[in-house]
K.L.:
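There's a structure below that I have some questions on.
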Amino acid sequence: DAGVIQSPRHEVTEMGQEVTLRCKPISGHNSLFWYRQTMMRGLELLIYFNNNVPIDDSGMPEDRFSAKMPNASFSTLKIQPSEPRDSAVYFCASSHTTEEEPQHFGDGTRLSIL
Amino acid sequence: AQTVTQSQPEMSVQEAETVTLSCTYDTSESDYYLFWYKQPPSRQMILVIRQEAYKQQNATENRFSVNFQKAAKSFSLKISDSQLGDAAMYFCAYRSYSNYQLIWGAGTKLIIKP
């Protein structure tokens with residue numbers, strides 16, 4: 001079975017540019033999570049979707065960040081305009097909305113903003 | 001608020017030996033899940049093992065087992081017969097029944113000496 005698929009695997013761009021990260025959750029999973037990982041702050045939950053609806057976006061750093069889930073098989077995390085402090089590894093994870101189901105992670109996108 | 005603490009930033013073990021990684025957590029809830037995730041240098045987040053708080057029996061997965069002490073709020077991971085491929089960051093995580101958000105520890109870097 002295919003796992004969570006994220007693209008791109010690496011992204012290097014200049015400050016001020018728009019960045020779009022993509023995620024395809026595991027088929028049948030109805031919960032999707034976006035995380036950011038840095039050395040300083042560890043893993044931070046940015047936003048959580050359930051059945052394509054954003055449930056908790058309290059972790060989104062500021063208005064420059066936005067996330068969408070237009071359907072059950074695709075989500076995007078967009079940063080506009082990007083800043084050097086946004087450099088991090090961004091993970092997408094998915095799970096069933098059941099108590100027992102753990103989150104399954106994608107391979108992450110390493111984002112570098114110059 | 002729940003918290004997860006991993007007090008060992010780094011651990012090392014000789015190949016084929018046994019190592020135990022510590023995790024403590026704080027919660028007022030009685031029903032929850034605990035997880036250990038592994039993050040090798042390839043940066044994937046891989047679920048190693050999970051424990052349901054209502055189960056008294058400690059979870060095991062091949063060479064990986066946990067020592068779950070609910071009263072002490074302790075959830076340590078034991079890796080037996082350590083292998084070079086076990087070298088990674090190991091994260092302990094907590095999730096309550098009522099909230100799908102994972103609460104993460106800071107991680108322990110495990111080094112395997114050949």
Side-chain angles (χ1 to χ4, degrees), chain A residues 1-6 8-11 23 25-26 29-51 53-60 87-112, chain B residues 1-10 23 25 27 29-55 57 59 61 64 66 68 75 77 88-109:
Chain A
D1 290 339
V4 176
I5 299 172
Q6 289 187 246
R9 185 150 172 82
H10 305 276
E11 175 86 12
C23 175
I26 292 173
H29 282 187
N30 55 356
S31 291
L32 184 138
F33 307 80
W34 281 102
Y35 290 91
R36 178 172 67 177
Q37 185 180 36
T38 61
M39 288 293 292
M40 291 296 293
R41 300 171 69 95
L43 272 159
E44 303 173 276
L45 177 66
L46 300 178
I47 189 167
Y48 157 50
F49 290 88
N50 184 244
N51 292 325
V53 176
I55 302 300
D56 181 0
D57 65 354
S58 59
M60 294 287 264
S87 298
V89 178
Y90 290 81
F91 285 100
C92 177
S94 72
S95 72
H96 284 292
T97 310
T98 63
E99 292 175 349
E100 296 82 12
E101 182 68 21
Q103 295 177 22
H104 299 266
F105 284 74
D107 289 347
T109 295
R110 180 175 295 280
L111 177 64
S112 298
Chain B
Q2 296 90 1
T3 58
V4 176
T5 302
Q6 292 179 252
S7 58
Q8 305 153 319
E10 186 175 296
C23 173
Y25 56 95
T27 183
E29 299 178 323
S30 58
D31 295 323
Y32 48 87
Y33 297 95
L34 295 163
F35 304 89
W36 279 99
Y37 280 87
K38 168 185 175 181
Q39 187 177 36
S42 63
R43 82 165 181 257
Q44 292 173 291
M45 289 290 284
I46 302 165
L47 177 67
V48 175
I49 200 166
R50 65 179 175 182
Q51 175 82 40
E52 291 86 349
Y54 68 86
K55 289 186 178 179
Q57 187 173 7
E61 286 287 344
F64 297 86
V66 299
F68 173 49
F75 183 60
L77 175 69
M89 284 290 290
Y90 285 81
F91 292 93
C92 179
Y94 167 101
R95 203 199 86 190
S96 70
Y97 274 23
S98 59
N99 187 334
Y100 296 104
Q101 181 170 349
L102 283 170
I103 309 299
W104 296 89
T108 296
K109 182 179 181 179

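Predicted model, so just to flag it, every value in this text is computed and none were measured.
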K.L.:
Tell me whether B:Q57 at atom CD has more than 12 heavy atoms from other residues, nucleotides or ligands lying less than 6.0 Å away.
P.N.:
no
K.L.:
Please classify the contact of A:R41 with chain B as side chain, backbone, both or neither, using a heavy-atom distance under 4.5 Å.
P.N.:
neither
K.L.:
Pick one of side chain, backbone, both or neither for A:D56, based on which atoms fall under 4.5 Å of a heavy atom in chain B.
P.N.:
side chain
K.L.:
With a 4.5 angstrom heavy-atom cut-off, which part of A:L43 approaches chain B: side chain, backbone, both or neither?
P.N.:
both
K.L.:
Could you tell me which non-hydrogen atom of A:Q103 sits nearest to which non-hydrogen atom of B:Y37, and how far apart they are?
P.N.:
O-OH, 2.7 Å
K.L.:
With a 4.5 angstrom heavy-atom cut-off, could you sort out which part of A:E44 is near chain B: side chain, backbone, both or neither?
P.N.:
neither
K.L.:
Which residues pass the side chain to side chain contact (heavy atoms under 4.5 Å, CB included) test with B:T27, sequence neighbours left out?
P.N.:
B:Q2, B:Y25, B:E29, B:Y32, B:Y94
K.L.:
Considering only heavy atoms and a distance below 4.5 Å, find which of B:Q101, B:Q44, B:Q39, B:R43 pairs most often with chain A.
P.N.:
B:R43
K.L.:
Rounded to the nearest 0.5 Å, how far apart are CG of B:L102 and OH of A:Y35?
P.N.:
4.0 Å
K.L.:
Out of curiosity, A:Q37 CD to B:W104 CH2, how far, rounded to the nearest 0.5 Å?
P.N.:
8.5 Å
